[in-house]
**Student:** 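Attaching a single structure in structure tokens format; questions to follow.
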2 protein chains.
Amino acid sequence: MAFMIAQRAFIKVYLITMVEKHRGYGYQMLEDLRRDFRSHGYSPPQSEIYRALHELVQQGILYRTKQLKGNDPKVDFQEIVLYHFTPDGAEKAKLYKKQVKTDLDRCLGMLNKAVYDNF
Amino acid sequence: MAFMIAQRAFIKVYLITMVEKHRGYGYQMLEDLRRDFRSHGYSPPQSEIYRALHELVQQGILYRTKQLKGNDPKVDFQEIVLYHFTPDGAEKAKLYKKQVKTDLDRCLGMLNKAVYDNF
DNA sequence: CCATGAACAAAATGTTCATTC
DNA sequence: GAATGAACATTTTGTTCATGG
């Protein structure tokens, strides 16, 4: 077992949750995470979000579709990549999240213990 | 700012606390930590403990003395390395711990948030 | 500037080996 | 097996570059 939870896993559960909420594409999720964790002094690097998304596709949890950002193609030709659950993706995601939850709890236990033991 | 607290820093505060309690030498501290974290599924690698101790010496917080383990040299010639605070080591240690405490709290905040947001 | 992706560089860690008692 | 240390290998990250709209 590793020491702490990996950044990758941490990000992945957030991405899964975002897909559950039908929210968006990579760049958007990146900005959301940065906003939500700014007060914690954490700014996930852009590469990690894309890597995490790619891995979730590899794991057969998500699949991709492409779409033009603006409703009107004449206005905005920017192409974005949307993510959705595969047929059995939701179930796989549930399982993955469960594993990460276990690890999150483990890490919380260790950090709380460290505070208790040393401070 | 990094994502999570580094294993190294985590171990260092434990080592400092152990030196405060006049406990021991590297190998002993390693075993203690392994025992204390076994239930958390974490077993710090031996190399990390020594690396951490060396760094604390580099930082001018600790210095080393050597000693034979058994009281009677005829019985046990095993040489061990003991660690003590340098003259200003205690103060430096206090400062270092303070920094790590801040980071521990930050990490706890992030992990708790993750649990709240995703589960 | 938004958006995606890959390539590359660095750091942190894990594993193994060497040495001594 | 206890004890210390270094070397080496790998993984995980962070940074930078490339491309296009």
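Every chain is numbered from 1, with letters handed out A, B, ... down the list of sequences.
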**Student:** For E55(A) and dA6(C), what is the distance between atoms CD and P respectively, to the nearest whole Å?
**Tutor:**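 Answer to the nearest Å: 13 Å.
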**Student:** For M1(A) and V81(A), find the nucleotide of DNA chain C closest to each by heavy atoms; which residue's nucleotide sits nearer the 5' end?
**Tutor:**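 This one resolves to V81(A).
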**Student:** Go through the N and O atoms of the side chain of S47(B) and the base of dT16(C), and report whether any donor-acceptor pair is under 3.5 Å.
**Tutor:**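 Between dT16(C) and S47(B), which were checked side chain against base, a qualifying N/O pair under 3.5 Å is absent.
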**Student:** Just the rounded figure in Å: distance from C1' of dG14(D) to CD1 of I49(A).
**Tutor:**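 Whole-Å distance recorded here is 12 Å.
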**Student:** Which whole-number value in Å describes the distance from E31(A) CD to dT4(C) P?
**Tutor:**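 Between P of dT4(C) and CD of E31(A): 10 Å.
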**Student:** NZ of K66(B) versus C1' of dG5(D): gap in Å, rounded?
**Tutor:**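 Taking NZ of K66(B) and C1' of dG5(D), I get 10 Å after rounding.
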**Student:** Would you say dT4(D) has OP1 or OP2 under 4.0 Å from some side-chain N or O of Y25(B)?
**Tutor:**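 False: Y25(B) side-chain N/O out of range (4.0 Å or more) of dT4(D) OP1/OP2.
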**Student:** Closer than 4.0 Å, any side-chain N/O of Y27(A) to the OP1 or OP2 of dT4(C)?
**Tutor:**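 No, outside the criterion.
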**Student:** Once you round it to whole Å, what is the distance between P of dT4(D) and CD of Q28(B)?
**Tutor:**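 Atom CD in Q28(B) sits about 9 Å away from atom P in dT4(D).
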**Student:** For M29(B) and dA3(D), give me the distance from atom CE to atom P, rounded to whole Å.
**Tutor:**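 It is 12 Å, rounded to the nearest whole Å.
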**Student:** Which ILVMFWY residues can you reach from Y25(B) by hopping between side chains whose heavy atoms are under 4.5 Å apart?
**Tutor:**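 Reading the cluster by chain and number, Y25(B) sits alongside Y27(B), Y50(B), I80(B), L82(B).
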**Student:** Is there a residue in residues 4-15 of chain B whose heavy atoms reach under 4.0 Å of DNA chain C, and which residues are they?
**Tutor:**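 A6(B), Q7(B), R8(B), in order of number.
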**Student:** Take atom NZ of K98(B) as the centre, draw a 6.0 Å sphere, and report whether it contains more than 12 heavy atoms from other residues, nucleotides or ligands.
**Tutor:**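 No.
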**Student:** Roughly, in whole Å, what's the span from CG in L30(B) to P in dA3(D)?
**Tutor:**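 After rounding, the gap between these two atoms is 10 Å.
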**Student:** Taking OP1 and OP2 of dA11(C), is either one under 4.0 Å from a side-chain nitrogen or oxygen of R51(B)?
**Tutor:**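 Answer no for this pair, as no side-chain N or O of R51(B) is under 4.0 Å from OP1 or OP2.
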**Student:** With side-chain hydrogen bond (donor to acceptor under 3.5 Å, both in side chains) as the test, would you mind laying out the steps for Q28(A) and D32(A) before giving the verdict?
**Tutor:** CA-CA 6 Å; Q28(A) 184 64 52; D32(A) 286 357; 3.2 Å; yes
**Student:** Do you know the tightest heavy-atom contact between A114(B) and Y14(A)?
**Tutor:**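 Shortest heavy-atom separation between A114(B) and Y14(A) comes out as CA-OH, 3.3 Å.
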**Student:** Is the phosphate of dG5(C), meaning OP1 or OP2, less than 4.0 Å from a side-chain N or O of Y50(A)?
**Tutor:**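 For dG5(C), neither OP1 nor OP2 has a side-chain N or O of Y50(A) closer than 4.0 Å.
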**Student:** Looking only at side-chain atoms of Q46(A), point me to the closest of dT16(C), dT4(C), dG14(D).
**Tutor:**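 Within the option list, the nearest is dT4(C).
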**Student:** Atom NZ of residue position K94(A) - does it have more than 12 heavy atoms of other residues, nucleotides or ligands inside 6.0 Å?
**Tutor:**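 Result for NZ/K94(A): open.
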**Student:** Rounded to the nearest 0.5 Å, how far does CD of Q59(B) lie from NZ of K92(B)?
**Tutor:**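 One finds 8.5 Å between NZ of K92(B) and CD of Q59(B).
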**Student:** Decide if atom CZ of R35(A) counts as having more than 12 heavy atoms of other residues, nucleotides or ligands within a radius under 6.0 Å.
**Tutor:**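 Yes, enclosed.
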**Student:** Between dA7(C) atom C1' and H54(A) atom NE2, what is the distance in whole Å?
**Tutor:**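 Answer to the nearest Å: 13 Å.
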